[in-house]
Amino acid sequence: MTLGLDPATWGAVLLSLRIAAVATLCSLPLAIAVAWLLARKQFWGRGLLNGLVHLPLVLPPVVTGYLLLILFGTQGPIGGWLRDTLGVTLAFRWTGAALAAAIMAFPLVVRAIRLGFEAVDPGLEDAAATLGASRTRIFATVTLPLIGPAVLAGAVLGFAKALGEFGATITFVAAIPGQTQTIPTAIYGLLQVPGSDGAVAVLVTISIVLALGTLALAEALSRRMQRRIRG
């Protein structure tokens, strides 16, 4: 069932899901660590770190994509090193699209998880410490389960943001059919082609269904986790 879409356009849908999933899973551990630092620690440069984390939210996405191209392009300081040392190229590859999506979604993920850390009662962690539990064990068995709904919320927000990312992605990796073309870039490309209104409408509908489905699933899982915590 093609719904009037050619295989290349369907490939954009599947690639968008792949990029969003990889971007979310790869950025989640770092987001948890950064959220913990911002919520629990006072240190020199905390304000700077907070500003850098939220910078993608206030910068035009095209600027973020341009900076990624400068840094991670084949001639960039990081991209050149990755290519020469590890044989990894990010620019104009789907992995680069995942990097761009992860960076654009990172502030939303960190913010949601940080609120979760701030809502945890420190007394519960102190009680576990008095019983002889190590900090690592307290984090794994007390703190992390309590912030589970916040982590899930952050992951969903990050996934949804990555799924719809456009500006940074098209600047850093372009819109190469079958390689880097995602749902937003496919819609943009189809809008330039006369008579493609039907295909655009289908892609827009798919985007809405994916977004609503993701949010509904996250809400159901969050409620289940909260019931387990309270029980």
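Computed from heavy atoms alone, side chains included, the values below leave out hydrogens, waters and symmetry copies.
A side-chain donor-acceptor contact under 3.5 Å links Arg46 to the backbone of Leu38. Using modelled atom types, no side-chain atom of Ser27 and backbone atom of Ala102 make a donor-acceptor pair closer than 3.5 Å.
To the nearest 0.5 Å, atom CG of residue Leu28 and atom CD1 of residue Ile113 are 5.0 Å apart. In this structure, NE2 in His54 is found 8.0 Å from CG in Leu108, a value given to the nearest 0.5 Å. Within the model, atoms CG of Leu146 and OG1 of Thr141 stand 9.5 Å from one another, a figure rounded to the nearest 0.5 Å. With rounding to the nearest 0.5 Å, the separation of NZ in Lys161 from CG in Leu57 is 7.5 Å. Separation of atoms CD1 (Ile170) and OG1 (Thr182) is listed at 8.0 Å; rounding is to 0.5 Å. Distance check, rounded to the nearest 0.5 Å: CD of Gln192 to CD1 of Ile187 gives 12.0 Å.
Minimum heavy-atom separation, Leu37 to Phe43: O-CE2, 3.8 Å. Contact record, Ala140 with Pro145: O-CD, 3.4 Å, taken as the closest heavy-atom pair. In terms of heavy atoms, Thr185 sits closest to Ala175 at CB-CB, 3.7 Å. Summarising the geometry of Thr180 relative to Ala174, their closest heavy-atom pair is OG1-O, 3.3 Å, with the distance given to 0.1 Å. The shortest non-hydrogen separation linking Met104 to Pro56 is CE-O, 3.7 Å.
One hydrophobic cluster holds both Ile103 and Leu71 under the rule that ILVMFWY side chains link at heavy-atom gaps under 4.5 Å. The hydrophobic clustering, which links ILVMFWY residues whose side-chain heavy atoms are closer than 4.5 Å, places Leu124 and Ile147 together. Using a 4.5 Å cut-off between side-chain heavy atoms of Ile, Leu, Val, Met, Phe, Trp and Tyr, with links allowed through other members, Val88 and Trp94 fall into different hydrophobic clusters. Taken together through direct or relayed side-chain contacts under 4.5 Å among Ile, Leu, Val, Met, Phe, Trp and Tyr, Val109 and Leu30 form part of one hydrophobic cluster. Note on Ile176: it clusters hydrophobically with Leu99, by side-chain heavy-atom contacts below 4.5 Å among ILVMFWY residues.
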Which donor-acceptor pairs under 3.5 Å do side chains of residues 199-218 form with protein atoms, sequence neighbours excluded?
unit_1	atom_1	unit_2	atom_2	d
Thr205	OG1	Ala201	O	2.8
Ser207	OG	Leu203	O	3.0
Thr214	OG1	Leu210	O	2.7

Sequence neighbours left out, cut at 3.5 Å: what donor-acceptor pairs do the side chains of residues 11-24 make with other protein atoms?
unit_1	atom_1	unit_2	atom_2	d
Ser16	OG	Ala12	O	2.9
Ser16	OG	Ile183	N	2.7
Thr24	OG1	Ala20	O	2.8
Thr24	OG1	Phe159	N	3.4

Can you give me every donor-acceptor pair (side chain of residues 80-87, partner residue at least two apart or in another chain, under 3.5 Å) with its distance?
unit_1	atom_1	unit_2	atom_2	d
Trp81	NE1	Thr85	OG1	3.2
Arg83	NH1	Thr74	O	3.4
Thr85	OG1	Trp81	O	3.0

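Not counting sequence neighbours, Thr169 has no partner by the side chain to side chain donor-acceptor pair (under 3.5 Å) test. The ring pair (Phe, Tyr, Trp, His ring centres under 6.0 Å) search around Phe92 returns none, not counting sequence neighbours. For Ala91, the side-chain contact (heavy atoms from CB on, under 4.5 Å) criterion is met by Leu69, Phe172, not counting sequence neighbours. Take Tyr66 and apply the ring pair (Phe, Tyr, Trp, His ring centres under 6.0 Å) test, not counting sequence neighbours, and it matches no residue. Every residue meeting the side-chain contact (heavy atoms from CB on, under 4.5 Å) condition with Phe139, not counting sequence neighbours, appears here in chain and number order: Ile32, Trp36, Phe117, Thr143, Leu144. Scored by the salt bridge (charged side-chain N to carboxylate O under 4.0 Å, His left out) test, Arg40 finds Glu125 as partners (sequence neighbours excluded). For Ser196, the side-chain contact (heavy atoms from CB on, under 4.5 Å) criterion is met by Leu190, Val193, not counting sequence neighbours. In terms of the side-chain contact (heavy atoms from CB on, under 4.5 Å) criterion, residue partners of Ala112 (sequence neighbours excluded) are, by chain and number, Leu157.
At a threshold of 4.5 Å between non-hydrogen side-chain atoms, the residues Val120 and Val142 do not count as touching. Between Phe106 and Val53 there is a side-chain heavy-atom pair separated by less than 4.5 Å.
Among residue pairs with one or both ends in residues 95-115, those qualifying as salt bridge (charged side-chain N to carboxylate O under 4.0 Å, His left out) are Arg114-Glu118; sequence neighbours excluded.
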